Trainee: 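Here's a structure for you.
In the text below, chain A, chain B and the rest are named by the order of the sequence lines, each starting its count at 1. Quantities reported herein were computed from a predicted structural model and do not represent experimental measurements.
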2 protein chains.
Amino acid sequence: MHKKRVSIRDLAKVLGVTPSTISRALNGHESISVSRRDQIVQLAKELGYRPNQIAKSMVSNKTFTIGLLLPEFTHNYFNNILAGIESVSFQKGYQLFICTSDELKEKEEKSCMAFLNTRVDGVLAAVGNDSDDLSHFETVIEDGTPLVLLDRICEDLNTSYVVTDDFQGSLDAVQYLVQTGCKQILHIKGPEYISTSFNRYLGYVEGLKKNNIPLEENLILMGEDEQFEKKLNQIFDEFEVDGIFAFSDYYAYDAIKVLQKRGIGIPDEVSVIGYADEPIAQYISPQLSTVKQPAFEIGKHAAEILFKMIEEKNTTIMSKQLETTLVIRESTR
Amino acid sequence: MHKKRVSIRDLAKVLGVTPSTISRALNGHESISVSRRDQIVQLAKELGYRPNQIAKSMVSNKTFTIGLLLPEFTHNYFNNILAGIESVSFQKGYQLFICTSDELKEKEEKSCMAFLNTRVDGVLAAVGNDSDDLSHFETVIEDGTPLVLLDRICEDLNTSYVVTDDFQGSLDAVQYLVQTGCKQILHIKGPEYISTSFNRYLGYVEGLKKNNIPLEENLILMGEDEQFEKKLNQIFDEFEVDGIFAFSDYYAYDAIKVLQKRGIGIPDEVSVIGYADEPIAQYISPQLSTVKQPAFEIGKHAAEILFKMIEEKNTTIMSKQLETTLVIRESTR
DNA sequence: CTGTTAGCGCCTTCAG
DNA sequence: CTGAAGGCGCTAACAG
């Protein structure tokens, strides 16, 4: 299949020297005459020599590869994280070994094992919401492979992570809602098992508390609920909701559709705030107010931490929490 | 850094056998007693043995890895391609080595070299629109690494590709426009240098021709034009445009915004058709009619072809062209 | 400055 | 059924 590849031995034979000399020349070692080096480099180019990274890794025990595990790429959020990671890994000369988990634990496990087997130098991962059991990540840690968690924390995992301050972001959103006159605020909650859902919920609760608004259990709706529309309608039948804070822009949009069907004016009668600033936030009408996460920075910081761990063999925990920004558009008063 | 990893030699020592025996047991070879095999497999598990894929690749000259080069992930289209590829690569037990080119030739070249150096078993790539010079892909081909092109064709490259029938898709769109009464159809054209832009343009031209509508140069606008809004307005001042066919959903949306500012009714006065069926098509208002590409299938087919090339050492060209579907929503009559 | 030797972890003959 | 020997491509340590 492959054209026979040229190895340093081939080069050595042509020039009548030993492979070691070739290796030294190609890797910019000290002790080698300039003329010889040039000669070798030149020949390598001519013959289309391509260093076998596999063999190099074999001896150096280093692959210049980092494993990246993300749930999916349909949300712009993860694309931006990827972009942030790439911006630093590319510059460092590392390749990305990307796996998507589809939020499935099974794929997560397989990917982690694949990372270990291929001896990646480090792992970046956003744990899926299907994962209550985290033993595969523990395996990574025990193996001694640096691991940095993205976006979603797992308290049980003793490793660095980079997240945004979901609590504060949500609190900001609710505060804004209250300041602009909302009295009854509905929360559309995210999937269970992921820390972000819970933290945003907590921010919501805190927001109410700070403003002496009693927490009403019936004003909390799961975004993934199969009877979402029906339940939302029931809530509107029963309560005088004038504000909605949703776990995601998509949930917010789902709610907006229901409200529009009911002929409820946004933002006149109900203010709506989403989360994440996905592209659709700008395309829907009214344009959606939302909590913007610094996705690119999350990726960037996570990668930087990981490289610090890899290159400096630094094992201290270096977690980081980034701030969100409230973006006000047309869906709020 | 790493906990010392256990190798087959370690296992061998424990059991007082040779590494060969361990290797045979772990790889399900014939000639080995069942009891011994079980014993070895058991021990491997206990000691957390993890086969060194690097070492395996070294001897087998196979990495079970395929290189994937995509321009970016901000368009849902490429995500779906990725999903299609993954659906087959995952099942085949291959890992994906993903690089994004950001449409930059420099990154494309680097990635190709990285693919070759890490000895991926095959490459899937959508060439960026920045690439007039394709020598890096030729290098891949010459190296003997199977290559399948995605989405965008390069006539000069003698290798398999999987694309959609952009010409037909565009023709369908224009035909629909005409059939629903449009007489003056504007085309918003895509970036130069990529085959899809040209093919969609050709489909537009053919659509006019089939309906005896003269081609009017002034009714063609570049989507990336910096003075897009101004020029579009000029066109509407001068011509009685009643239909728009855009290279992408995003361009279509840009146009819709301009029309709405002008108070032009969609679809009453002007019908609009986009391309790709990006998520925003469903979120904007009016919901956008568009040409849907079978992105998932593109990825799937491309991967299948690649695996055929890899596993059967098949070198014949097996290109494929997939059909599009016209999705009619609210932006057309 | 360059050659020799040994070995990274694994697999594949070839013997026995 | 199992052991011994050699090698995948490259680098590092030690001589010279």
Trainee: Any salt bridge between B/E103 and B/R152, counting N to O under 4.0 Å?
Mentor: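 Salt bridge flag = yes for B/R152 with B/E103.
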
Trainee: Rounded to the nearest angstrom, tell me the gap between atom CD1 in A/I32 and atom P in D/dT11.
Mentor: 12 Å

Trainee: Considering only side-chain heavy atoms of B/V59, which listed nucleotide, D/dC8, C/dG3, D/dG9, is closest?
Mentor: D/dC8

Trainee: Counting any heavy atom closer than 4.0 Å, what does B/R9 reach on the DNA or RNA strands: base, sugar-phosphate only, or nothing?
Mentor: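 The residue B/R9 makes sugar-phosphate contact but no base contact.
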
Trainee: Hey, does the side chain of A/S23 come within less than 4.0 Å of D/dT11's phosphate (OP1/OP2), counting only N and O?
Mentor: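 Checking A/S23 against D/dT11: at least one side-chain N or O falls below 4.0 Å of OP1 or OP2.
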
Trainee: Could you check whether B/S20 gets within reach of a base, just the sugar-phosphate, or nothing at all, counting any heavy atom under 4.0 Å?
Mentor: base

Trainee: Under 4.0 Å between a side-chain N or O of A/N52 and OP1 or OP2 of D/dC8?
Mentor: no

Trainee: Report yes if a side-chain nitrogen or oxygen of A/T21 is closer than 4.0 Å to either non-bridging phosphate oxygen (OP1 or OP2) of C/dG3; otherwise report no.
Mentor: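 Result: yes.
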
Trainee: Does A/R24 get its side chain close enough to the base of C/dG3, under 3.5 Å, for a donor-acceptor pair?
Mentor: yes

Trainee: Indicate, with a heavy-atom threshold strictly under 4.0 Å, whether A/I8 touches base, sugar-phosphate, or nothing.
Mentor: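 The answer is base, as A/I8 lies within the cut-off (heavy atoms under 4.0 Å) of a base atom.
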
Trainee: Side chain of A/T21, backbone of A/V17: donor and acceptor closer than 3.5 Å?
Mentor: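 It does not hold such a pair.
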
Trainee: Find out whether the Lys NZ or Arg CZ of B/K107 is both under 6.0 angstrom from the six-membered ring centre of A/F90 and within 45° of the ring's axis.
Mentor: yes

Trainee: Rounded off to whole Å, could you give me the OH-to-P distance for the A/Y49 and D/dG9 pair?
Mentor: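 Distance check: A/Y49 OH to D/dG9 P gives 10 Å.
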
Trainee: Strictly below 4.0 Å: does A/R36 bring a side-chain N or O up to OP1 or OP2 of C/dC1?
Mentor: no

Trainee: In whole angstrom, what separates B/R50's CZ from C/dC10's P?
Mentor: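 Rounding to the nearest Å, CZ of B/R50 and P of C/dC10 are 12 Å apart.
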
Trainee: On DNA chain D, does the nearest nucleotide to A/V6 precede the nearest nucleotide to B/V34 from the 5' side, or the other way round? Give the residue.
Mentor: B/V34

Trainee: Report the distance from atom NZ of B/K56 to atom C1' of D/dG7, rounded to the nearest whole Å.
Mentor: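 Distance check: B/K56 NZ to D/dG7 C1' gives 18 Å.
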
Trainee: Please find out if less than 6.0 Å separates the ring center of A/Y94 from that of A/F64.
Mentor: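 A/Y94 vs A/F64: aromatic centres under 6.0 Å.
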
Trainee: Taking OP1 and OP2 of D/dG9, is either one under 4.0 Å from a side-chain nitrogen or oxygen of A/S7?
Mentor: no

Trainee: Working note: A/F78 + A/F73, criterion ring pair (Phe, Tyr, Trp, His ring centres under 6.0 Å); need CA distance, chi angles, decisive distance, verdict.
Mentor: CA-CA 6 Å; A/F78 290 114; A/F73 285 109; 7.6 Å; no

Trainee: So, B/D10 and B/R5, do they make that salt bridge, N to O below 4.0 Å?
Mentor: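 B/R5 and B/D10: not salt-bridged.
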
Trainee: Expressed in angstrom and rounded to an integer, what is the separation of A/R119 atom CZ from C/dC10 atom P?
Mentor: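 Whole-Å distance recorded here is 7 Å.
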
Trainee: Could you check how far CG of A/L47 sits from P of D/dG9, rounded to whole Å?
Mentor: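 The distance from CG of A/L47 to P of D/dG9 comes to 15 Å, rounded to the nearest Å.
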
Trainee: Over how many whole Å does the gap from B/N27 atom CG to C/dT13 atom P extend?
Mentor: 13 Å

Trainee: Given C/dG3, C/dT2, C/dG9, which nucleotide is nearest the side-chain atoms of A/S33?
Mentor: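 Closest nucleotide among those given: C/dT2.
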
Trainee: Using the side-chain heavy atoms of B/M58, tell me which of these nucleotides is nearest: D/dC8, D/dC10, C/dT2.
Mentor: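 Among D/dC8, D/dC10, C/dT2, the one nearest the side chain of B/M58 is D/dC8.
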
Trainee: Whole-Å distance between D/dC10 P and A/I40 CD1?
Mentor: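 Spelled out: CD1 on A/I40 to P on D/dC10 is 13 Å.
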
